[in-house]
Amino acid sequence: MLHGKTILITGASSGIGAAAARILAEAGANLMLAARREDRLKAVRDSLPNASNRIALFVGDVTDTGFSENSVKATLDAFGGLDGAFNNAGTIGEMGQVPDMSLETWNQVVATNLDSAFLAAKYQIPAMRARGGGSIVFTSSFVGHTIGFPGMAAYAAAKAGLIGLTQVLAVEHGPENIRVNALLPGGTRTAMAGDDPAFHEYISGLHALKRMAEPEEIARAAEFLLSDAASFVTGSAMLCDGGNSISKG
């Protein structure tokens, strides 16, 4: 259902974003892969040789005020339009309790996770409007929605804010056939989760499935929300958390 569609993915150089690139390329989509690390972006592109002519790269940082405008412009220049966006870039930032947290840390986490989403919508929505509709997916989190983890106040606040933004955008732009959803992954085996087996075991135990997700499992949920299979889904905070939110033991 995404064959020939053009999708912009941020945070595409690793983890869930890179997994989404592989899955959406297999589905026949044109992709603009955006991230800070050009070498890793090229590695993702080169891992999909059969789709290389349908993949373009945009190197930049989502916290830069011109990132969203310029990445959308690059997408339009490369493919002539924009049908969907997976706004996946994010950061946990330096953890710590609020009394000990610097304003710099707070601002950096909020800028990466929430301000970037505002700017993404600001420029992606007009491009989708010109296309007659589209789908925007933001990567939020169960943190700040169904659970609070000590030391993660900035992350929780930003990811919870994404859900509010999602709901308002969905109401404002539903009449234009633009769907907006938030995807809430559980613990996922990415670089952000580190490689400490004891930590992974602890995180696994928080889930009803008693394991962490692979990046591809979260990317499949994003594929659904981006596709016409989710044509009547908008304004949702879709949990893809392995039962984290309902598990107490």
Point to revise | Other residues, nucleotides, ligands: >12 heavy atoms within 6.0 Å of K5 NZ | key: no
**Study point:** For K73, the option from N70, D77, T75 that meets side chain to side chain donor-acceptor pair (under 3.5 Å)
**Key:** D77
Exercise for review: Say whether, by atom type as modelled, one donor and one acceptor occur between the side chain of N87 and the main chain of A117 under 3.5 angstrom.
Suggested key: no
Review point. Got a donor-acceptor contact below 3.5 angstrom from the S247 side chain to the N244 backbone?
Key: no
Check your understanding: Is the shortest side-chain N to carboxylate O distance from E38 to K42 below 4.0 Å?
Key -> yes
Check your understanding: Quick one: do the S231 and R179 side chains pair a donor with an acceptor below 3.5 Å?
Key -> no
Review point. Looking only at heavy atoms, what is the nearest atom pair of C240 and L183, with distance?
Key: CB-CD1, 4.0 Å
Review point. Do L184 and V137 belong together in a cluster built from hydrophobic side chains that touch within less than 4.5 Å?
Key: no
Check your understanding: So, for S13 and A18, which heavy atoms are closest and what is the spacing to 0.1 Å?
Key -> C-CB, 4.1 Å
Exercise for review: Can you measure from NZ (K159) to CE (M152) and round to the nearest 0.5 angstrom?
Suggested key: 9.5 Å
Exercise for review: In plain terms, say whether E217 and R211 are close enough for a salt bridge, that is, a side-chain N and a carboxylate O under 4.0 Å apart.
Suggested key: yes
Review point. So, does T112 use its side chain to make a donor-acceptor pair with the main chain of V109 at under 3.5 Å?
Key: no
Review point. With distance as the sole test, does T63 use its side chain to make a donor-acceptor pair with the main-chain N or O of A111 at under 3.5 Å?
Key: no
Review point. Is it true that a side-chain atom of S227 and a backbone atom of F224 form a donor plus acceptor pair closer than 3.5 Å?
Key: yes
Revision key, fill the gap. The residue among E172, H173, Q124 that forms side-chain contact (heavy atoms from CB on, under 4.5 Å) with I178 is H173
Review point. Would you find more than 12 non-hydrogen atoms of other residues, nucleotides or ligands less than 6.0 Å from E201 atom CD?
Key: no
Check your understanding: According to a 4.5 Å side-chain heavy-atom criterion applied to Ile, Leu, Val, Met, Phe, Trp and Tyr, with indirect links allowed, do L169 and L82 form part of one hydrophobic cluster?
Key -> yes
Practice item. Could you tell me whether K122 and E69 have a side-chain N and a carboxylate O separated by less than 4.0 Å? Key: no
Check your understanding: Distance from Q108 atom CD to D115 atom CG, nearest 0.5 Å?
Key -> 11.0 Å
Check your understanding: Would one find more than 12 heavy atoms of other residues, nucleotides or ligands at under 6.0 Å from atom CZ of R36?
Key -> no
Revision key, fill the gap. dist H207:NE2 -> F142:CZ (nearest 0.5 Å) comes out at 5.0 Å
Check your understanding: Does CZ belonging to R40 count more than 12 external heavy atoms closer than 6.0 Å?
Key -> no
Practice item. Mark yes or no for whether T188, through its side chain, and G186, through its backbone, hold a donor-acceptor pair below 3.5 Å. Key: yes
Check your understanding: Are L57 and L48 connected in the hydrophobic side-chain network, where two residues link if heavy atoms are under 4.5 Å apart?
Key -> yes
Review point. Shortest non-hydrogen contact from V180 to T234?
Key: N-OG1, 3.0 Å
Review point. Between R189 and P215, is there a donor-acceptor pair closer than 3.5 Å when you use the side chain of the first and the backbone of the second?
Key: no
Check your understanding: Among N181, T166, L225, which residue meets the side-chain contact (heavy atoms from CB on, under 4.5 Å) test with M238?
Key -> L225
Check your understanding: Do T105 and S102 have a side chain donor and acceptor closer than 3.5 Å?
Key -> yes
Point to revise | Ring centre gap for F58 and F67 strictly below 6.0 Å | key: yes
Check your understanding: To the nearest 0.5 Å, what is the distance between CE (M212) and NE2 (H200)?
Key -> 4.5 Å
Exercise for review: Kindly check if the number of other-residue, nucleotide or ligand heavy atoms within 6.0 Å of CD (E216) is above 12?
Suggested key: yes
Point to revise | Inter-residue atom distance L8.CG - M32.CE, 0.5 Å rounding | key: 7.5 Å
Practice item. Please check if L31 and F86 belong to a single hydrophobic cluster, counting links between Ile, Leu, Val, Met, Phe, Trp and Tyr side chain heavy atoms closer than 4.5 Å. Key: yes
Review point. Between N88 and T10, does any side-chain donor sit less than 3.5 Å from a side-chain acceptor?
Key: no
Practice item. List the atom of I163, the atom of S140, and the distance in Å for their closest heavy-atom pair. Key: CG1-OG, 3.7 Å
Point to revise | Same apolar cluster: F79 and I125, side chain cutoff 4.5 Å | key: no
Review point. Got a second to check how far R54's CZ is from I7's CD1, nearest 0.5 Å?
Key: 12.0 Å
Revision key, fill the gap. Minimal heavy-atom distance between N113 and Y155, with the atoms involved, is ND2-CD1, 4.1 Å
**Study point:** Test item: D61 and D64 side chains (from C-beta on) under 4.5 Å apart, heavy atoms
**Key:** yes
Practice item. Could you check if a side-chain atom of I92 sits within less than 4.5 angstrom of a side-chain atom of F149, using non-hydrogen atoms only? Key: no
Review point. What is the minimum heavy-atom distance between A157 and W106, and which atoms define it?
Key: CB-CH2, 3.8 Å
